[in-house]
**Q** 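So that we are looking at the same thing, I have put the structure below in structure tokens.
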Amino acid sequence: ETLGAFLELAGHKQQSIQVINQILGERRYPLSMEEIFHFLVKYEEIVLNRLRDEFFRRAENGYITFAQVEDFAFDLGFTPLPHSLQEVLEEAVKCTGLAQNFDVPAHMMPVSRPVFERFSSLLVDRDGFSKSEARALHLAFRRFDRDDSGTIDVDEVPPIICWLGFCTDPTIVGRATADSGLSKGALSLEGFIALMRRHRELEYDYTLRLFERFDGDSDGCINATEIMRLFRNLGVPLSPEALFEVVEDCDLDPERFTF
């Protein structure tokens with residue numbers, strides 16, 4: 001049960017008992033924190049290898065779609081945003097040295113196995129964040145580590161989140177710190193990244209629930225008036241002018257916003 005709780009905090013809501021038993025073997029005695037950490041690393045390694053094998057089952061003519069890549073990311077226990085996935089995918093293409101037409105949006109790119117494997121490694125190495133997001137998190141941590149001790153205080157997490165440009169419900173921040181086993185004291189860079197990963201997951205779930213609440217007819221879309229109300233609930237008042245400027249810039253349908 002304890003290992004299951006740790007896996008859930010790491011983003012693995014659907015857990016494989018077979019993989020857990022494979023790692024533990026015959027051991028059933030209490031594990032130290034170091035052993036639990038190595039267990040989590042091994043668990044994600046095995047899951048990643050299984051997902052790579054799954055690539056062949058889902059691929060058509062050696063390729064999978066962006067939607068399938070997104071599903072793989074969630075299967076790995078991450079909650080990346082679409083623009084983050086696109087950034088990681090484009091980086092993976094460049095790393096493999098394969099020819100790719102970047103005039104085609106990333107979400108329309110056919111994804112080959114070499115690109116998918118590089119994409120998976122990049123995502124795991126950065127705890128589900130893109131390169132630019134990881135850079136911003138590292139910069140924020142260094143900025144608030146005023147004494148260069150390699151740690152920050154847990155109480156500094158809310159202002160860091162605001163400094164990063166997020167407007168979030170304080171209860172989400174509180175739950176993320178509590179779920180991570182943190183309430184007071186020092187926080188290392190690794191702990192901070194793990195906490196932000198949990199924060200993103202909770203914020204994503206919260207926003208999704210809000211979207212579903214405003215989607216009265218459950219057709220997967222809300223209109224301009226409803227999205228302005230949704231943003232108010234998120235603590236981000238949005239003027240009609242700002243909304244329609246975004247709509248024009250992103251070439252969106254102002255009456256049909258999908259999640």
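Worth saying up front: this structure is predicted, and the values here are computed from it rather than measured. Any value given below was found using the heavy atoms of this structure, including those in side chains, with hydrogens, waters and symmetry copies removed.
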**Q** Mind checking the CD1-CD1 spacing from I160 to I152? Nearest 0.5 Å is all I need.
**A**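 Spacing of CD1 (I160) from CD1 (I152) equals 3.5 Å.
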
**Q** Please determine whether residues F119 and Y63 belong to a single hydrophobic cluster, defined as Ile, Leu, Val, Met, Phe, Trp and Tyr linked transitively by side-chain heavy-atom distances below 4.5 Å.
**A**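 Hydrophobic grouping puts F119 apart from Y63.
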
**Q** Look only at the side chain of Q68 and the backbone of T65, and say whether a donor-acceptor pair between them is shorter than 3.5 Å.
**A**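 Checked: pair present.
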
**Q** How far does OG1 of T207 sit from CG of L230, to the nearest 0.5 angstrom?
**A**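 Going from OG1 on T207 over to CG on L230, the span is 7.0 Å.
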
**Q** Just how far is it from atom CG of L85 to atom CZ of F74, taken to the nearest 0.5 Å?
**A**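 Those atoms lie 7.5 Å apart.
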
**Q** What verdict does the side chain to side chain contact (heavy atoms under 4.5 Å, CB included) test give for L123 and F72, after you've listed the backbone C-alpha separation in whole Å, the side-chain angles of each residue and the deciding distance to 0.1 Å?
**A** CA-CA 11 Å; L123 205 62; F72 276 123; over 6 Å; no

**Q** Checking R256 now: which residues fulfil salt bridge (Lys or Arg N to Asp or Glu O under 4.0 Å) with it, not counting sequence neighbours?
**A**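 R256 satisfies salt bridge (Lys or Arg N to Asp or Glu O under 4.0 Å) with D219 only.
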
**Q** Is it true that E203 and R200 make a salt bridge, defined as a side-chain N closer than 4.0 Å to a carboxylate O?
**A**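 Answer for the salt bridge query: no.
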
**Q** Quick one: do R146 and E156 satisfy side chain to side chain contact (heavy atoms under 4.5 Å, CB included)? Show the steps, please.
**A** CA-CA 11 Å; R146 298 180 178 89; E156 292 180 300; 2.7 Å; yes

**Q** Should the pair E117-R113 be classified as a salt bridge under the 4.0 Å nitrogen-to-oxygen rule?
**A**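 Looking at E117 and R113, the cut-off is met.
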
**Q** How long is the span from the CZ atom in R118 to the OG1 atom in T96, to the nearest 0.5 Å?
**A**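 OG1 of T96 is found 9.0 Å from CZ of R118.
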
**Q** Counting neighbours of CZ on F214 that are heavy atoms of other residues, nucleotides or ligands and sit closer than 6.0 Å, is the number greater than 12?
**A**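 Atom CZ in F214 is packed in, count exceeds 12.
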
**Q** Say whether L164 and F144 are linked into one hydrophobic cluster, either directly or through other cluster members, by side-chain heavy-atom distances under 4.5 angstrom.
**A**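 Per the 4.5 Å side-chain linkage, L164 and F144 are co-clustered.
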
**Q** Using 0.5 Å steps for rounding, measure from the CZ atom of R209 to the OH atom of Y206.
**A**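 Output value for this atom pair is 8.0 Å.
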
**Q** After noting the C-alpha distance and the side-chain angles of R126 and E91, does the key distance pass the salt bridge (Lys or Arg N to Asp or Glu O under 4.0 Å) rule?
**A** CA-CA 13 Å; R126 299 197 191 111; E91 183 183 359; 2.7 Å; yes

**Q** Just distance, no hydrogens or angles: give the donor-acceptor pairs under 3.5 Å from side chains in residues 76-84, sequence neighbours left out.
**A**
{"residue": "S84", "atom": "OG", "partner": "E133", "partner atom": "OE1", "Å": "3.2"}
{"residue": "S84", "atom": "OG", "partner": "E133", "partner atom": "OE2", "Å": "2.6"}

**Q** Do E226 side-chain atoms and N223 backbone N/O form a donor-acceptor pair below 3.5 Å?
**A**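 Confirmed, E226 side chain pairs with N223 backbone.
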
**Q** What's the separation between atom NE2 in H138 and atom CZ in R135, rounded to the nearest 0.5 Å?
**A**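 Between atom NE2 of H138 and atom CZ of R135 there are 10.5 Å.
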
**Q** Which heavy atom in V115 sits nearest to a heavy atom in V111, and how many Å separate them?
**A**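 Heavy-atom minimum between the residues: CG1-CG1, 3.9 Å.
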
**Q** Is the F192 ring parallel, tilted or perpendicular to the F141 ring (thresholds 30°, 60°)?
**A**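 Ring orientation of F192 relative to F141: tilted.
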
**Q** Closest approach of D215 and C221, non-hydrogen atoms and distance?
**A**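 Scanning both residues completely, I find the closest heavy atoms to be OD1-O, 3.0 Å.
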
**Q** Please say yes or no: joined through hydrophobic side-chain contacts below 4.5 Å, possibly via intermediate residues, are F257 and F231 part of one cluster?
**A**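 Shared cluster, yes.
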
**Q** Before you tell me yes or no, could you show the steps for L122 and K131 under side chain to side chain contact (heavy atoms under 4.5 Å, CB included), namely the whole-Å CA-CA distance, both residues' side-chain angles and the distance that decides it to 0.1 Å?
**A** CA-CA 9 Å; L122 290 170; K131 186 176 184 178; over 6 Å; no

**Q** Is any side-chain heavy atom of Y204 less than 4.5 Å from a side-chain heavy atom of E201?
**A**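 Not in contact.
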
**Q** I'd like to check L187 versus L195 (side-chain heavy atoms, cut-off strictly below 4.5 Å). Are they in contact?
**A**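 They are in side-chain contact.
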
**Q** List the steps and the verdict of side chain to side chain contact (heavy atoms under 4.5 Å, CB included) for L89 and F66.
**A** CA-CA 9 Å; L89 192 56; F66 182 82; 3.7 Å; yes

**Q** Closest heavy-atom contact between S239 and M228?
**A**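 For S239 and M228, the tightest heavy-atom pair comes out as C-CE, 4.0 Å.
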
**Q** Is there side-chain contact between M196 and I161, with at least one heavy-atom pair below 4.5 Å?
**A**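 SC-SC contact between M196 and I161 confirmed.
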
**Q** Quick one: do I193 and W163 end up in the same hydrophobic cluster if we chain Ile, Leu, Val, Met, Phe, Trp and Tyr together by side-chain heavy atoms under 4.5 Å apart?
**A**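 Linked within one cluster.
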
**Q** Going only through I, L, V, M, F, W and Y residues with side-chain contacts under 4.5 Å, is there a path from V246 to I227?
**A**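 Result: no, two separate clusters.
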
